[in-house]
Amino acid sequence: MKVKVCMGSNCTLLGAMSLLDQIESLREIIDENEKEYRDEELEIESIKCLGYCKDTDADIAPVVIVDDDVIFNATGQIVMEKIMDKMRI
Ligand code: FES
């Protein structure tokens, strides 16, 4: 599974760094409890702004992409649940 966290300025201002930390902590938890999760690498990547925030006047930051699902206004809870739902056996 690939998780991309936008680290553009808008997303960083609205907490992307904290999201990145939380996702990395979740990866450690998944590694420690490997029997409960699919045998799949959780790849985490920080990316530059893909332009979502520039295409709209709405507040959409921070943006996280889990596989092909783009999550706007991402919170730790939403992102963690998404990852765990997909990874859990
Ligand atoms: S800074 Fe994250 S979408 Fe633009």
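Numbering of ligands and ligand atoms starts at 1, following listing order.
For atom 2 (Fe) of ligand 1, the set of nearby N, O or S atoms under 2.8 Å includes none belonging to Cys53. At a cut-off of 2.8 Å, Cys49 is counted among the residues with an N, O or S atom near atom 4 (Fe) of ligand 1.
Applying the 6.0 Å contact sphere to CD of Glu43 captures more than 12 heavy atoms from other residues, nucleotides or ligands. In this structure, Glu40 places its CD atom where more than 12 heavy-atom neighbours from other residues, nucleotides or ligands lie under 6.0 Å away. With a 6.0 Å radius and a threshold of 12 heavy atoms from other residues, nucleotides or ligands, Asp85 has its CG atom above the threshold.
Looking at Cys6 against ligand 1, only its side chain comes within 4.0 Å, counting heavy atoms.
Counting only heavy atoms from C-beta outward, the side chains of Ile71 and Val63 never approach each other to under 4.5 Å.
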Without placing hydrogens or testing angles, list every side-chain donor-acceptor pair under 3.5 Å for residues 2-17, not counting sequence neighbours.
residue	atom	partner	partner atom	Å
Thr12	OG1	Met7	O	3.0
Thr12	OG1	Gly8	O	2.8

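The distance from ligand 1 to the heavy atoms of Cys11 drops below 4.0 Å at these ligand atoms: 1 (S), 2 (Fe), 3 (S). Distances below 4.0 Å separate heavy atoms of Asn10 from the following atoms of ligand 1: 1 (S).
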